[in-house]
Amino acid sequence: MQDYDISRDLKKIYQADKKLLEQTQVPIMTVSASFQEDLKGLHHQKEEDKSTDIVLSRAHYSMALGVAVQAWGEKIDPKKAWLVDSTNYVSNQAFRSVALTHEVGKIIARWPILKTLKDIVDKFGRSKMPILDNVTPPTLYLGSSIKKTILSMHIVTGNILAAEGKKVMQMITDPHVRSDYLDNAHLSNMRFLVFDEATKLAFFDLAQQIGKNIPENQIKDKVVVTGPPIDPRIVACNENKKAWTKDRPLKICLTTGGLGTNKSEIKSILEQLLPVLKQQASDQKTDLVTTQLIFYAGTHLDHKEMAVQIAEKNKLAYRVISPKDPAKFSLNARIKTKTEEDHQSRFSIIYHPQIVDANELLIQKAFPSTDLFISKPSGDMAYDAVASGSALLTLKEWGEWEHNVRRVFEKSGTAQVANVDHIVEQLVKITSNNEVTFETDKLNSTNRPIPSIKAESQKPWLTQAMNNAKNLDPIFYRGAKNILKAVRENN
């Protein structure tokens, strides 16, 4: 084992994770966050629930977890699948660089003017970020004796392991292909999983553009279209969720991202919407239908405090949902699959300093009952929201790939861009009946014109969008199953 400067307890878990990866049917590796306290609980050690995780990306955690949960079924069974994040095992010295990357990311996420800097970094590829050097030693150690195909949920782990000759199935975690995905695409031991056919075509188009030569005998099987990796507990929400109607409250979930993105937009929305909720709480008539709001602040204390401050300024009662260790993950323990509706309060805030628990609260408290998500169009939250049967209003994109995500859901009739400066007016509009319009270009057996599908346009946009969310291409809901099938067949 590497001579790493990490605690004795963590070294034991490090070795245990390595062994479990070697023994499991589906080894899953990613780079997303440092969640060492929840690791302790997972391995039956005492964990501390108040320390704050370093979170680089919710997506690369939640997607990896979603596939693992699909493999596990009712309980966490390491024989079926095992998930490890290399970020947990960087040395104490290297951890400073990870923490710096995290802090820089949070600052950029909160100051739009600095977004230009991030775009410059993205242009040169995420593989150039300092974290690559930090996670390379633990990734090499963890993967050194794995014989089965490794499912990589971050391109950093995939490139490291493929270069070492390991069999890798690399998930491309957005409907967008960056050049760093192609670094090792010529290797016969590396294959790719994508959300849709358009992304598969984009993969080969980019390879041609940058002069990446993929051997002819690999092209047929190089890229597999699987659909997005969504937690099956989220997909299950779609089955029981009914499209919104005016005889019940409108349930909204407003969310930030892993780095605390879109803070200024979220602040503007809360400043407009909470006064209306206060009016409704005081039995005053409003143009907006009765509304209940959950704000997912994730692991970000500043977001939670901002929301509390705005609520208190408006004298609106609120509830912070932050129970102790809501995930309760441990080896061979049952997974909480029964979700709970938690839109009982007019305004609630989901917050937990640790990503494993924050993500579980989102799954347990928001997805089952939310009619409308307001979120940036990310590869995780946007797909999760719509797959759960909800409609989506999109905040400003964090990267060029999110423009692709937004277009996917606009095309499916489940999303539109949030009018952040006039959010209440937009909510009134999308919950109001449209004028009835009919097309009569079809004839029935009596030769009388019959209305086409556009007769549905009399329904509020929100209702139509939620109905559309139930009728997407089946691949939207089956991604995790298809991913596992592809990985197993690659062995």
Side-chain angles (χ1 to χ4, degrees), residues 234-255 269-270 272-296 311 314 316-319 321 338-350 362-375 384-393 409 412-416 418-419 422-438 451-472:
I234 295 174
V235 175
C237 296
N238 196 315
E239 298 174 10
N240 299 319
K241 190 176 291 186
K242 295 181 179 179
W244 177 82
T245 54
K246 292 187 176 183
D247 59 355
R248 65 174 176 83
L250 168 63
K251 299 175 182 180
I252 300 174
C253 183
L254 172 65
T255 76
I269 289 171
L270 292 175
Q272 295 171 70
L273 191 52
L274 295 195
V276 177
L277 298 191
K278 175 60 179 178
Q279 289 178 310
Q280 293 181 352
S282 303
D283 294 324
Q284 298 179 41
K285 186 177 180 180
T286 64
D287 291 334
L288 181 63
V289 297
T290 301
T291 299
Q292 297 167 348
L293 175 65
I294 287 179
F295 170 45
Y296 173 71
N314 287 280
L316 175 67
Y318 63 90
R319 185 164 62 112
I321 303 172
K338 289 186 177 181
T339 52
E340 304 171 14
E341 184 170 323
D342 217 296
H343 268 96
Q344 302 306 314
S345 300
R346 208 170 289 273
F347 181 44
S348 300
I349 303 164
I350 292 176
L362 185 63
I363 291 173
Q364 295 168 18
K365 306 295 186 180
F367 285 112
S369 57
T370 294
D371 302 307
L372 175 69
F373 277 86
I374 305 177
S375 169
D384 287 351
V386 176
S388 78
S390 302
L392 175 67
L393 296 183
F409 292 108
S412 71
T414 55
Q416 60 178 255
N419 187 344
H422 302 282
I423 193 65
V424 175
E425 292 87 340
Q426 185 178 22
L427 293 174
V428 171
K429 183 176 180 180
I430 67 174
T431 54
S432 299
N433 286 348
N434 296 317
E435 293 183 5
V436 181
T437 59
F438 295 95
S452 75
I453 190 81
K454 284 198 174 181
E456 289 292 304
S457 65
Q458 64 184 300
K459 295 181 180 179
W461 177 87
L462 176 63
T463 304
Q464 295 180 60
M466 292 184 71
N467 284 330
N468 292 339
K470 287 182 171 293
N471 294 287
L472 300 173

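This is a predicted model, so every value here is computed, not measured. Values reported hereafter were calculated over all heavy atoms of this structure, with side chains retained and with hydrogens, waters and symmetry mates removed.
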Treating [X] as the side-chain partner and [Y] as the backbone partner, does any N or O pair qualify as donor plus acceptor under 3.5 Å?
{"X": "T463", "Y": "K459", "value": "no"}
{"X": "K241", "Y": "S388", "value": "yes"}
{"X": "S345", "Y": "R319", "value": "no"}
{"X": "Q292", "Y": "K251", "value": "no"}

Below 3.5 Å, can you tabulate the donor-acceptor pairs from side chains in residues 243-250 to any protein atom, sequence neighbours excluded?
unit_1	atom_1	unit_2	atom_2	d
W244	NE1	R248	O	3.1
W244	NE1	P249	O	3.4
T245	OG1	D247	OD1	2.4
R248	NH1	D371	OD1	3.1
R248	NH1	D371	OD2	3.1
R248	NH2	K242	O	3.0
R248	NH2	D371	OD1	2.9

Results of ring-ring contact (aromatic ring centres under 6.0 Å, His included) for F367 - residues two or more places apart only: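 F367 satisfies ring-ring contact (aromatic ring centres under 6.0 Å, His included) with F373 only.
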
- request: Quick one: list whatever passes ring-ring contact (aromatic ring centres under 6.0 Å, His included) with F347, sequence neighbours left out.
  value: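 With sequence neighbours excluded, F347 shows a ring-ring contact (aromatic ring centres under 6.0 Å, His included) to no residue whatsoever.
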
Is [Y] close to [X] at the side-chain level, that is, under 4.5 Å between some pair of heavy atoms?
{"X": "V289", "Y": "L427", "answer": "no"}
{"X": "L392", "Y": "T414", "answer": "no"}
{"X": "I294", "Y": "L254", "answer": "no"}

field: For the student: nearest non-hydrogen atoms of D384 and I234, plus distance
entry: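 Of all heavy-atom pairs spanning D384 and I234, the closest is O-CG2, 3.4 Å.
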
Quick one: side chain to side chain contact (heavy atoms under 4.5 Å, CB included) partners of [X], sequence neighbours excluded?
{"X": "N419", "answer": "D421, H422, Q426"}
{"X": "A391", "answer": "L372, W461, L462, A465, M466"}
{"X": "Q279", "answer": "V276, Q284, T286"}

query: Run the side-chain hydrogen bond (donor to acceptor under 3.5 Å, both in side chains) check on N238 and K470 step by step: do they pass?
result: CA-CA 7 Å; N238 196 315; K470 287 182 171 293; 3.3 Å; yes

